[in-house]
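Report on the structure given below.
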Amino acid sequence: MSIPKPGPTPVPMSKPFWSATAQGQLVVQRCQGCGTHQHYPRVVCRHCWLTELDWVTCSGDGRVWTYTVVHRPGHPAWEPEVPYVLALVELDEGPRLMTNIVNIAPAEMRVGLAVRAVFDDTADTSLVHFAPVDRPLPTP
Amino acid sequence: MGSNGIRDRVAIVGMGCTPFTEHWRKSTDDLVLEASTAAATSAGLGYAELDAFWLGTLDSGVSGLTLSKPLKLDYKPVSRLENMCATGSDAFRNACYAVASGAFDTAMAIGVEKLKDSGISGLATGGGGGDGTAAELSAPAMFSLLSPAYAHKYGVAEPELKEVLTRIAWKNHKNGALNPLAQFRKEVPKETIANSPRVAGALGVFDCSGVADGAAAAIIVRAEDAYEYTDQPLFVKALSLTAGPATGASDPGYDYTSFPEVVHCATDAYQQAGIRDPREQLGLAEVHDCFTPTELVLMEDLGFAERGLAWKDVLAGAFDLDGVLPVNPDGGLKSFGHPIGASGLRMLFECWLQLRGQADQRQIDNGRDLALTHNLGGQPGACVSFISVVGTTRD
């Protein structure tokens, strides 16, 4: 029997993020005052502490800042998938996400790799992953 | 603004450390009793003569009762504190300040951790779920993020960097082989280290510190009273603690090739201790080698190597037991093992042995009388850093 993967449990603060992924959109917060983008979702701007924040749609483009390859998952549900790639992706808008890089072999990973958001609808909550921009998107 | 320092105001006059290993037959009570008794005895004191106590443990108990009950410290002041993997060091720091303030004549700092029969045989890691918008990684995966970023920034080919990491583990195992208290007391061939089962990224099993149980303790008194307790006290030259912004994984600006927390901490500690060139002035350093890339990066953050060049120094043996600045002569977290709350005081215990000429087979004899401990809590991008400098003479 396979172990189900625990999915995210959206809270009021992050609900807009997960509602957007269900629509195939990557959204982050942007400060109405200074224009700074931020992610994870917070109640105040990380730069000027203003509480007036909008949700804006990102281009979905970013670059790999650094990465790792998981050989020993922290939860048994991911055991069948090892080794898989996790990377810290810096979005063109500025914020960073820790995310799966799909459609790439671990040995092909490089710092600076250009990646684009793709959405995994197979889970209960649509998850955002990233794939190299110069690759055709993985087939669902 | 900043710190006024604590140079030469307090001294360590007794220390004790249990073996770090899988103590299946010893409880937390047994371990704190063993370390406390050894430390008090080496200072020629009984518990009744100790005025205040600071216990550091991440997860092996809450409140001062975790120490007061097994030691029967009825009605004494006993605090328990936690500061991630820097927990033991922070217990030491608080005990030093208590004595320096004049509030107490004598204090004990003790750290303990019992990981092996906690139900999970180690530290709990995130199990998924939650809000889902924050990064959640295992500890080796968090620290493995340093390797690609470092290799990329300084133009080191990844296979070459792997060789550097392997050499760090090889060196710390070699040192641990000379240490009767260490968890792993065998030299390990480089090929075995390099080919060990992968855990995360470039890191194999042998790039990770040992999961162990253990305890270590120190007795602190006013510097002017030190020689009443021992002929060979260690004077505290610097104590520094920094907590970072903890936003590296989410906000831009942190580059994953350094711990800015450590850089700030080192600046403060060296200023307190009057150190201008740590590589030339320190006799040894005990640093937080939780994973091999951590030790590499720390060599630069602590000023032991030039930025971007530590990997060359590692390959050249600069930090070996007979190198220009021996690092982790006791085997480090890598082979001494890492019972979280005890590790910071274990580092200090090696300084205690080395500077007093009691380190037997691994005794360093470079004529220098200062030693440094560096203890890190957290992960790259979100950590606390602690540094102490101790020395044999009072200026």
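Predicted model, so just to flag it, every value in this text is computed and none were measured.
B/L137 is listed as a side-chain neighbour of A/M98, based on a closest heavy-atom distance under 4.5 Å. A heavy-atom distance below 4.5 Å is not found between the side chains of A/V64 and B/H152. Residues B/D131 and A/W18 meet the side-chain proximity criterion, which asks for heavy atoms closer than 4.5 Å.
Taking chain A as the reference chain and counting heavy-atom pairs below 4.5 Å, the highest number among B/P197, B/A151, B/G248 is found for B/G248. Annotation: maximal heavy-atom pairing with chain B below 4.5 Å, among A/L97, A/T66, A/T36, A/V69, occurs at A/T66. Between chain A and the residues B/P140, B/A202, B/S147, B/A141, the most heavy-atom pairs under 4.5 angstrom are made by B/A141. Contact tally against chain B (heavy-atom pairs below 4.5 Å) for A/H71, A/K5, A/R96: the top residue is A/R96. Here A/L88 is the residue among A/V11, A/L88, A/V85 with the most heavy-atom pairs under 4.5 Å with chain B.
Between A/P95 and B/P252, the shortest heavy-atom contact is CA-CD, 4.4 Å.
To the nearest 0.5 Å, atom CZ of residue A/R42 and atom CG of residue B/D251 are 4.5 Å apart. Atoms CZ and CG, on A/R72 and B/L203 in that order, are 13.5 Å from each other to the nearest 0.5 Å.
Applying the 6.0 Å contact sphere to CD of B/E306 captures no more than 12 heavy atoms from other residues, nucleotides or ligands. For A/W55, the CH2 atom sits in a packed shell: over 12 heavy atoms of surrounding residues, nucleotides or ligands are nearer than 6.0 Å. In the displayed structure, A/K15 atom NZ is contacted under 6.0 Å by at most 12 heavy atoms of other residues, nucleotides or ligands.
Between the side chain of B/S250 and the backbone N or O of A/Y40, no donor-acceptor pair lies under 3.5 Å. Without hydrogens or angle criteria, A/T68 side chain to B/G201 main chain gives a donor-acceptor distance under 3.5 Å. A donor-acceptor contact shorter than 3.5 Å is absent between the side chain of A/W65 and the backbone of B/A249.
Residue contact with chain B, scored on non-hydrogen atoms closer than 4.5 Å, involves the backbone and the side chain of A/V111 alike. Heavy-atom distances place the side chain of A/F17, and not its backbone, under 4.5 Å from chain B. Proximity to chain A is absent for every atom of B/F143, based on heavy atoms less than 4.5 angstrom apart.
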